[in-house]
Each structure stands twice: as C-alpha cells, then as structure tokens.
Amino acid sequence: EERQKTRQLEMEAVSKALAVLAGDDAHDLFTKTFNPALLQTESTEQSERRAAASRVLSSVASKVHSPRLATLAYQVKLDAFTRVKKAIDDMIAQLLKEKEAEIK
C-alpha cells in the first residue's frame, strides 16, 4: 500500500510539473528572462537537416494547400521539444503500469 501511495505521489508530481511547464506563467517568465546572447550561433548538422526538411515540407504544404503537411513541417522544426514531451509521457505510462501491477 505504501508503494501505491508513492506511485500516486510521483504521478501527481509529474502532472504538476507538466502543468507548470506548460502554463502561461512559465511562458511569461521565459520571455522576460530570455537572453539571446546565450543562444548557440552555429547549428549542428542534425538541426540543419531538420530545418531543411521543415522548409521542404512547408513549401509543399503551401503548394498543395495541405494543413496536415504544414503541421508536420512545424512538428519537424520543433522535434527537440517533442522528445521531451514523449519522455514525460513514457514516464507517466510506466508509472501507471507499475501502479496496476501493484494493485494485482
């Protein structure tokens, strides 16, 4: 039973962390404290490829008037954030599986 409580607390903590990171306050704080001088000025080869793929998808999306391709182009451009979100979602899924295993 103690393990179930611990898992529940972990799930609540992850949910709260997601809410904080996705909230308007976090966005406002980021825009206030953002310092462009700290940005990496040279792109890595992988991010250049990602940008090129995004440009190609965007141009094709505009030619064929496809919102799905436009969305895909945007997702390709923001791929790094997708990985972080997926890692958090995977963590939540794992916690749910452990919780169900403990209940059985």
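It should be emphasised that the depicted structure is a prediction, and the values quoted were computed from it without experimental measurement. Throughout, numbering of the chain's residues begins at 1 and tracks the sequence. The figures here come from the full heavy-atom set of this structure, side chains too, leaving out hydrogens, waters and symmetry mates.
Remark: M11 CE to L9 CG distance equals 10.5 Å, nearest 0.5 Å. Atom CZ of R55 sits about 9.5 Å away from atom OG of S58, to the nearest 0.5 Å.
S54 contributes a side-chain N or O that, together with a main-chain N or O of A73, makes up a donor-acceptor pair within less than 3.5 Å.
Applying the side-chain hydrogen bond (donor to acceptor under 3.5 Å, both in side chains) criterion to E2, with sequence neighbours excluded, gives no partner residue.
Hydrophobic cluster membership is shared by L57 and V64, with clusters built from Ile, Leu, Val, Met, Phe, Trp and Tyr side chains linked at under 4.5 angstrom.
A salt bridge links E10 with R7: at least one charged nitrogen is closer than 4.0 Å to a carboxylate oxygen.
For the side chain to side chain contact (heavy atoms under 4.5 Å, CB included) test with K99, the passing option among Q8, Q94, Q4 is Q8; the others fail.
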